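Just below is one structure, and these are the notes that go with it.
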Amino acid sequence: MPEPMDKPAAPATADGWEPKIVAFFCNWCTYLAADLAGTSRMKYAPNTRVIRVMCSGRVDPQFVLEALAHGADGVLIGGCHPGDCHYQSGNYKALRRFRLLKRILLAFGIEDERIRLEWISAAEADKLRDVVNEMVAQVKALGPARLGIPPEDWAVGLEEEADEEVEGVTV
Amino acid sequence: MSADTNGQPRIGVYVCHCGTNIAATVDVEAVADYAAGLPGVTVSKTYKYMCSDPGQELIKEDILANQLDRVIVAACSPSLHEATFRRATAAGGINPYYFHMVSIRELDSWVHTDVAEATAKAKDLIRAAVHRVRFHKPLERARVNVNPAVMVVGGGIAGIHAALTLANAGKKVYLVEREPSIGGHMAQFDKTFPTLDCAACILTPKMTEVGQHPNITLWTMAEVDKVDGYVGNYQVTVRHKPRFIIEEACVGCMECIEVCVFRRGKTPDEFNLGLSMRKPVYIPFPQAVPQVVVIDQDACIEFRTGRCKKTCVEVCAERNAIDFTQTETFDTVEVGAIVVATGFKTFDPKRTPSYGYGVYPNVYTAMEIERLVNASGPTEGHVTLRDGRTPQTVGIVHCIGSRDVNTNEYCSRVCCMYSLKLAHLVKEKTGAEIYNFYIDIRAPGKGMEEFYNRVAEEGVHFIRGKVADVYPEAGNTGRVILQAEDTLLGRVRKIPVDMVVLATGLEAQADADEVRRTFNITCGGGGFFMERHPKLAPVSTFTDGIFLAGCCQGPKDIPDTVAQAGAAAAEALALVDKGFVEMEPNTAYVVTEECSGCKTCIPLCPYTAISRVDGKAYINPVLCKGCGTCVAACPSGSIRQNLFEDEEIYEEILGVLANA
């Protein structure tokens, strides 16, 4: 199969906003896929910031919440394929936690595409590239997550909205 | 934090140029300047090659001159040089685990093109490391003794060579082979390219040596069922399939085969690829090691009806080597290292029906021709068609199942050369006109191009073109026509031939995926096992103590296989001969005061490393492999993981996002 064209880095949007995606990659599969993408000189969007963990099972759901709370626009978790976990079953545990976390986040209005769990083996550099590119494009389409805005800024927005709504009505 | 720095860390940041590998895409000077302004950073420098001796010396000197107590190197992947820089950090007199590595090459400069974006990313990643290292603690590596025995899985030429090398070094070796004899594919070959020495003549002495070596325990008809443990201390469970012969009692006289109630063989002989028939009791091939017969349960009358005269048992008499009651048995052995040499399978040409394999009787695979030209093969070395005639014209079609987007994209490396060898042998034996249909002739390596020239000079024809169709010649001649576009002449050629030889490529074993899981190793492209590094760790895997040899890692010829098997044996020897191994200290531990004793963690651990002691969780550091899944699950946060502490990861999250 001919390799798909390497996508150039996504162009910045009009206001210069670029999504920032925190990625937790397991040491044995997805991190190595990222290494392989490097040695193969594949090109993908520069929006991910990888944090290496030994196993996707180490990813505490709170890591994801913490990343969102501090301004991440998306979180990508990468682990070994089912059955291939270096630690036998850590990826299954990651999957279970991910499913629960996703329910909570959806209930909070955090879009599905912002949080992603992918099985990427050490040999699947092309999958890594495609997943990152796709996720960056999706998150870009969604716009900023705006969860990292300090409480005082939220209050400012609320006041303005309140003014609009009550226009012509004495409060 | 060390006391003499008033609790403030003193961090040294080193940004590597890696020649232009990093510096061409990341503005390393800007990154180092930026890092210099981050809190706690005392020294921030760039250097052309941090991994070089002067680069490492730089770290050491700075630690001493500036009382650094944390070191960050932003360079290549930690899988390459983390150990190097930990040593350099230790050389400066501080604990090596005060070091942290940031990948700005594989994760940044090599995968991005925009300098501004790549530079911004490098800054973010280094900032995360600066946040993180403040929480690093001094750690010690635990020493674990290594079992000096080694297991070699697969008894082809790779496994044989690896086993002999290890055994000759005085190590105990368990050689596990699933077939009834060792020898693998090489035992089936007639001659070997490019020297044309006889495969059996060079292989059988090694096979015999394996069978007789005091340090080798040879288990044929055996497969690895389960691998437990860790580097230096693997417990391997081996499943022995029943042979229905007591190996120790059988002397290989083969009288049982003579007297078997089957007068003639009725079962296709696996060793001759079904070109001959064998009896239910048989020896795979004359030079088999061990020289012990085997009974095929599916073919034997006794198993099928229970009413056989059992002439075999009669003739075996007081030796009493035949045992119809044998069942599967299991053995568990302890080894320090494992060499995986499970080999390959040849491509099944039925997957490319246009070549007519299985449709036209005289379309053969190359392996079948290997058996036909072999003096101990089904025709005693006479190359004949299915009806017994000698072929006058033979077409050899290259690249079947190789270099083809519909099957396998890779080049199988050996087919060009074995096609030339078969062309030579068939021409020598039959005087037939031989046509090679090739895409490119790939003859790299010692003596290979010379061999190609020799075969060409012998009058073998070469047609540069991929065969598009194979169809019968009109008029019931029994011949088939090979149609191909000769790309050198620019016209379509239609060549009638008596015999077609399909140069089938090499593929990963059908069960490579299960084997990979058993040994906890990775498959790369095409299902071949993945080496730790394609250039610098070609026989190691990502699982310490598991090494690769031969075609299970990728297609290769016999010289390369033997060289690689020697390398795998040397790596295994280096591990087991040292006697101990140092374990990465990334284990989990419980802060007992904070543990509520809820037991959430206990069932999560795949290694049963967690137990309940005095109402609290306790993690056995020897059993813990450091995945951290219990850490993520602990509701009270009382399980921590060395090198991956919660604080360290939270700080990394904060660090990468500080500019968001």
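Numbers restart at 1 for each chain; the letters A, B, ... are given by sequence-line order, proteins then strands. None of these values were measured; they are calculated from a predicted model.
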Practice task
Counting only heavy atoms closer than 4.5 Å, note whether Cys80(A) contacts chain B via side chain, backbone, both or neither.
Solution key: neither
Exercise for the section: Considering only heavy atoms and a distance below 4.5 Å, find which of Pro534(B), Pro78(B), Ser79(B) pairs most often with chain A. Expected result: Pro78(B)
Problem - Heavy-atom donor-acceptor pair, Lys93(A) side chain to Leu604(B) backbone, under 3.5 Å - result: yes
Exercise for the section: Can you measure from CD (Glu66(A)) to CD1 (Ile649(B)) and round to the nearest 0.5 angstrom? Expected result: 11.5 Å
Exercise for the section: Show your reasoning for whether side chain to side chain contact (heavy atoms under 4.5 Å, CB included) applies to Lys20(A) and Asp124(B). Expected result: CA-CA 11 Å; Lys20(A) 208 167 243 192; Asp124(B) 283 354; 2.8 Å; yes
Fill in the blank from the handout: Result for salt bridge (charged side-chain N to carboxylate O under 4.0 Å, His left out) between Arg52(A) and one of Glu652(B), Glu82(B), Glu648(B), Glu106(B) points to Glu82(B)
Problem - Largest heavy-atom contact set with chain B, pairs under 4.5 Å, which of Asn27(A), Leu32(A), Leu36(A) - result: Leu32(A)
Problem - Taking every non-hydrogen atom, the tightest pair across Ser89(A) and Pro606(B) - result: OG-CB, 4.1 Å
Practice task
Tell me, out of Trp28(A), Phe24(A), Tyr87(A), Tyr31(A), who's got the most heavy-atom pairs with chain B below 4.5 Å.
Solution key: Tyr87(A)
Handout entry: Proximity breakdown for Glu124(A) and chain B, heavy-atom pairs closer than 4.5 Å
Key = neither
Exercise for the section: Work out which heavy atom in Trp110(B) is nearest to a heavy atom in Lys43(A); give both atom names and the distance. Expected result: O-NZ, 2.9 Å
Problem - Pick from Ser121(A), Ala94(A), Gly83(A) with the largest number of heavy-atom pairs that fall under 4.5 Å of chain B - result: Gly83(A)
Exercise for the section: Would you kindly say whether Arg97(A) and Thr629(B) are connected by a side-chain donor-acceptor distance under 3.5 Å? Expected result: yes
Completion exercise
Ranked by heavy-atom pairs below 4.5 Å to chain B, first place among Thr48(A), Asp73(A), Val50(A), Asp84(A) goes to Asp84(A)
Practice task
State whether Asp35(A) and Arg105(B) are salt-bridged, where the test is any N-O pair (Lys NZ or Arg NE/NH1/NH2 against Asp/Glu carboxylate O) under 4.0 Å.
Solution key: no
Fill in the blank from the handout: When every non-hydrogen atom of Leu107(B) is compared with those of Ala34(A), the smallest separation belongs to CD2-CB, 3.4 Å
Exercise for the section: Using atom types as modelled and distance alone, determine if a side-chain donor or acceptor of His112(B) lies under 3.5 Å from a backbone N or O of Tyr44(A). Expected result: yes
Practice task
State whether the number of non-hydrogen atoms from other residues, nucleotides or ligands found under 6.0 Å of Gln235(B) atom CD is greater than 12.
Solution key: yes
Practice task
Measure distances from Ala633(B) to the heavy atoms of chain A and classify the residue's part below 4.5 Å as side chain, backbone, both or neither.
Solution key: both
Fill in the blank from the handout: Ala122(A) and Thr522(B) have their tightest heavy-atom pair at CB-CG2, 3.8 Å
Exercise for the section: Evaluate the side chain to side chain contact (heavy atoms under 4.5 Å, CB included) criterion for residues Thr543(B) and His86(A): first the C-alpha distance (whole Å), next the side-chain angles of each, then the deciding distance (0.1 Å), finally the verdict. Expected result: CA-CA 8 Å; Thr543(B) 302; His86(A) 189 81; 3.6 Å; yes
Problem - Part of Asp108(B) lying under 4.5 Å from any heavy atom of chain A - result: neither
Completion exercise
Of all heavy-atom pairs linking Cys523(B) and Ala123(A), the shortest is O-CB, 3.5 Å
Handout entry: Donor-acceptor pair, side chain of Arg58(A) and main chain of Phe644(B), under 3.5 angstrom
Key = yes
